[in-house]
Each structure stands twice: as structure tokens, then as C-alpha cells.
Undergrad: 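Structure incoming, see below.
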There are 2 protein chains.
Amino acid sequence: MDRIDIPKKAIYRLSIYHRCLQRLVENEQQTVSSTALAKAAGVKPAQLRKDLAYFGQFGTRGLGYPVETLATMIRDVLGREKLQPVVLIGAGNLGSALLRYQGFQKEGFEVVAAFDVDPEGVRARGINVPVFSEKELETRIAQEQVRLAILCVPVNIAQSLANRLVGAGVQGILNFSPVMLDVPAEVVVNNVDLALELEHLSFFVR
Amino acid sequence: MDRIDIPKKAIYRLSIYHRCLQRLVENEQQTVSSTALAKAAGVKPAQLRKDLAYFGQFGTRGLGYPVETLATMIRDVLGREKLQPVVLIGAGNLGSALLRYQGFQKEGFEVVAAFDVDPEGVRARGINVPVFSEKELETRIAQEQVRLAILCVPVNIAQSLANRLVGAGVQGILNFSPVMLDVPAEVVVNNVDLALELEHLSFFVR
DNA sequence: AAGTGTGAAAAGTTTCACAGCG
DNA sequence: CGCTGTGAAACTTTTCACACTT
């Protein structure tokens, strides 16, 4: 597979480009130049062109890129042609906010189930997603063939739940616990550490 | 300033190291080797040593690093000796979850005020942080000399609020809106795009 | 004229491997 | 002997500049 020499960061940017393209589609724009799209995405034009070129030739010289076609190709590359099922573990503060968050649905993900130690308590909070006891985690994930999980549990139990997720067949974990998960090489973990992002700002702000 | 040739990513990792060190302090460990700390932080030992070496010599050969001293030096470098005041703009779903989130406080940040178009509605939800109308944004930020802001507003108004924040003296923005903010060069923006992180996983999961 | 595609140079980052200290 | 500190090598990513197409 020639994915090997594609910069990992280019994949990230692809998502950003896709967002910007969606907005252009809404505005019924037909084509867009690398300069314009790059500006919207916050990158340099040359980088945008190079990123796209990893996947083929989509632009027309002198004209730019066809908005629709480009959006479609990015969806293909990112494996997002169809709705992806996701589960969420730990519906505490952050977890239940994410369950109410519309951004995932909008981008083509469906949170099909949430798990918590206290499913009753979570259901009471007006969450639309079905909430189950964490005991049912393995069976339900296997049943629905879910590959992606969002992990929002306290630090001390994060690793053990990650192990169970992997055992159940999950291949990608979006981890909100501030701890580095130890998982097999074929499983991808993406860490989102909110406090850390704030800390990072501190360094640059005087 | 010799910060110039310190890899930006090293700064990120410093925060991670700090987290791990905090845990060691709790366990009353006196020293730690680069191998052990690197493992906890999810990096290679050589990288850890190199990262620390940018800021001085802290280790003892044959022994390792003094846990306490190292934690203190990282706090110094990151500018986190004392509590940093932060404001939060937009207390919707995500915003109010963040207001309840304990992680920021734990890492030395204090959310001193939140702003929303409907402060009454937000207050009703059992938030401890004082909530004000967004009209008061400029005056209160100036008053409390706040430098950091967490922005959780809808895409369409994110840029205009960013402008107001910058005008009020904010120098760092943790931006949760899926849009690239256009700010003066001296202002730092750190984007956290939740849907994008999930999308990113999609690519690697078959 | 406008704007893509791309090799080659530059910049940035990680890893290696080992000298040197306690 | 164990473990840090570090120069040099290897690798990755970004930027440049321009040939080339419509």
C-alpha cells in the first residue's frame, strides 16, 4: 500500500479540507483554487496541493479544483462513504456532553450505544442514545460490529476498559483520559487531553 | 531567547511528563530513570532525555532524575508556577460540560468567568462558575487581566468572538469551534476539533 | 493569465550510539 | 555498572520555484 509515504499530518489536514469543501458545496461554488481553500484551512497553498497530489490529480490547471469531486474523493480516502457506528464509554460530565454534541452525527458518525456503571442515572438526563451497563460492553460491540470507541472514563480505569474494548474488536479509540493507553500495534489511539491543550497555551502566552 | 530551537512538540511532551511526574510524587518516589518515565509518557527514552536537556541538566548519571525537582522545573518552563485565570465563552452543551470538568482546576487553571447569550439559562444548570452576558466580555476580561480563553461557540460566530477576545487582551485561545480563526500573530490558537479526531481514526481503522 | 503538479532544497524532528559521570 | 547528556545520522515534513496545462 502506498499510504506508507503519505505524511500522517496530511491525513489530518484532509479532514480540515473536507470541512471547508462542505461549506463551499452549501454555497454552491463549483470550483476552488488551492490558494482560496488553503486560506480557509489555515495552511499554505503549496502544502494543500501536495497533500491532494498524494491521492491523484484532481485539479484543472488555470481553474482550480472541482468542489464536489474533491469532497467525494476525500470521503473515499478517509473511509467515510457511509455512516460509521461508534460507542461511547463513560457518560459522566464530558461523556454525556459528547452524547448531546451534534458534531459527530454531522460528520457521519453515529453513536449507537453508550456504556456506564450507572445506566439508569444517565438515561434520566435526557440522552437519546441507548445507554447500557458496562457489563454488556463486549456483547453489544460484537453484535453491532463496532470498530470505533470514545473513551471518557476516569484515569484509573481507562486502561482496563481499553483492554476490554480491544478484546471486543474495537480498532480505534478516541481517548479523553489523560493517560497513555497501552494497546496492540494494530489498534489506533487518538488522545484528546483537554487540560494539556490549555497547558500548552500557557507556554506561549508570556 | 533560546526557546527558538526547541521543537514545538517537545513543549507538548513536557506537559505529559509533568502529569506522569505528579503521579510519581503521589507515590512518593524520589527518582525516576528516563526509561521508566519515557515508558509512562509513551515516548522513547532518548527523546525524553533530549527534551529535558533543552532546559538544563537535571539528571544524575547512574541514578536518574529527581522527581520533585523535575516537576518544578517543568512548571517553571510552562509558566505554571501559579494559578492561571481563564474565561470560557459559550456555555452550550460542550461549554457547560467543560465548566463542570475538574481537569482544568486540577492542572492549575481557574475558570474565573463564563459568558453566554443566555446567562440565566446557564446559571440554572448548577454551574459554580459565575456566568455573565456576553456583553460584559470586554470589561470583565480587562478587569481580571485574563490572558487565556476557551471558545465553545457555534461556527458562525466564532470569528467575531475571537476578534472581541483579542481586542480585550486575550493572548491564547483554546478553540473548540471547527473553524480556523484568523488572529494576529502574537495570539496563539489551539484548536480542538472533536469530530476531526474521530475522522482521523477512520482512516486508520480499515 | 491563472493555477496545478512536482522535484529538489530547506527545515524540523527523531533516533542512534557512545562518551563520560556518579 | 547504570544511566545521563549529546553530537551526528537518519528520517519526516514543509516550502520553494518553476515547468506545464487549460
Side-chain angles (χ1 to χ4, degrees), chain A residues 1-17 20-21 24 29-71 73-74 77 180 200 203-204, chain B residues 1-17 20-21 24 29-71 73-74 77 180 200 203-204:
Chain A
M1 205 171 284
D2 58 358
R3 274 180 184 180
I4 283 162
D5 39 11
I6 295 170
K8 281 183 207 118
K9 290 193 177 176
I11 304 300
Y12 254 103
R13 288 188 299 259
L14 237 43
S15 299
I16 300 176
Y17 304 153
C20 301
L21 287 166
L24 294 177
Q29 237 190 77
Q30 301 292 307
T31 60
V32 65
S33 70
S34 62
T35 314
L37 185 52
K39 193 173 174 191
V43 302
K44 297 239 161 95
Q47 182 159 68
L48 168 59
R49 294 201 299 273
K50 187 139 263 199
D51 284 347
L52 298 179
Y54 287 121
F55 303 97
Q57 305 197 168
F58 303 97
T60 309
R61 292 170 198 227
L63 229 189
Y65 297 91
V67 173
E68 282 272 0
T69 314
L70 195 56
M73 102 77 182
I74 294 181
V77 167
M180 291 293 159
H200 190 233
F203 178 78
F204 294 102
Chain B
M1 205 172 286
D2 58 356
R3 274 179 182 177
I4 281 160
D5 38 11
I6 297 170
K8 281 187 203 113
K9 290 191 174 176
I11 303 300
Y12 253 103
R13 289 188 300 260
L14 236 43
S15 298
I16 300 177
Y17 304 151
C20 301
L21 287 167
L24 294 176
Q29 239 191 73
Q30 301 292 309
T31 60
V32 66
S33 72
S34 63
T35 313
L37 185 52
K39 194 175 175 191
V43 303
K44 299 238 161 93
Q47 182 158 72
L48 168 59
R49 293 201 299 275
K50 187 136 265 203
D51 285 347
L52 297 180
Y54 288 122
F55 302 97
Q57 303 196 168
F58 303 97
T60 309
R61 293 168 198 230
L63 229 190
Y65 297 91
V67 173
E68 282 271 0
T69 314
L70 196 55
M73 101 78 181
I74 294 182
V77 168
M180 290 295 159
H200 190 233
F203 178 79
F204 294 102

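A note on names: the letters A, B, ... follow the listed sequences, proteins ahead of strands, and every chain is numbered from 1.
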Undergrad: Without decimals, in angstroms, what is the distance between Lys44(A) NZ and dG12(C) P?
TA: 11 Å
Undergrad: Which whole-number value in Å describes the distance from Tyr54(B) OH to dG12(C) P?
TA: 12 Å
Undergrad: Tell me the interatomic distance from Asp5(B), atom CG, to dG7(D), atom P, rounded to whole angstroms.
TA: 12 Å
Undergrad: Does the side chain of Thr60(A) get closer than 4.0 angstrom to OP1 or OP2 of dT22(D) through an N or O atom?
TA: no
Undergrad: Rounded to whole Å, how long is the line connecting atom NZ of Lys8(A) with atom C1' of dT12(D)?
TA: 9 Å
Undergrad: Over how many whole Å does the gap from Leu48(A) atom CG to dT15(D) atom P extend?
TA: 12 Å
Undergrad: Between Leu63(A) and Lys50(A), who's closer to the 5' end of DNA chain C by nearest nucleotide?
TA: Leu63(A)
Undergrad: Examine dC16(C): is either OP1 or OP2 under 4.0 Å from a nitrogen or oxygen in the side chain of Arg49(B)? Give yes or no.
TA: no
Undergrad: Closer than 4.0 Å, any side-chain N/O of Gln57(A) to the OP1 or OP2 of dT6(C)?
TA: yes
Undergrad: Out of Leu21(B), Thr31(B), Leu52(B), which residue meets the side-chain contact (heavy atoms from CB on, under 4.5 Å) rule with Tyr65(B)?
TA: Leu52(B)
Undergrad: How close or far is atom C1' of dG12(C) from atom CZ of Arg13(B), stated in whole angstroms?
TA: 12 Å
Undergrad: Does dT13(C) have OP1 or OP2 under 4.0 Å away from a side-chain N or O of Lys9(B)?
TA: no
Undergrad: Supply the atom-to-atom distance Leu37(B) CG to Arg49(B) CZ, rounded to the nearest 0.5 angstrom.
TA: 11.5 Å
Undergrad: Hey, is the side chain of Arg61(A) pairing donor to acceptor with the base of dT4(C) inside 3.5 Å?
TA: yes
Undergrad: So does Gln29(B) have more than 12 non-hydrogen atoms from other groups sitting under 6.0 Å from CD?
TA: yes
Undergrad: Determine whether Leu70(A) and Tyr17(A) make a side-chain contact, defined as any pair of heavy atoms from C-beta on separated by less than 4.5 Å.
TA: no
Undergrad: Taking only side-chain nitrogens and oxygens of Tyr65(B), does any of them come within less than 4.0 Å of OP1 or OP2 of dG5(D)?
TA: yes
Undergrad: Starting at CD1 of Ile11(A) and ending at P of dT13(D), how long is that distance when rounded to a whole Å?
TA: 10 Å
Undergrad: What is the distance from OH of Tyr12(A) to P of dT14(D), rounded to the nearest Å?
TA: 13 Å
Undergrad: Once you round to the nearest 0.5 Å, how far does OG of Ser34(A) lie from CG of Asp51(A)?
TA: 11.5 Å
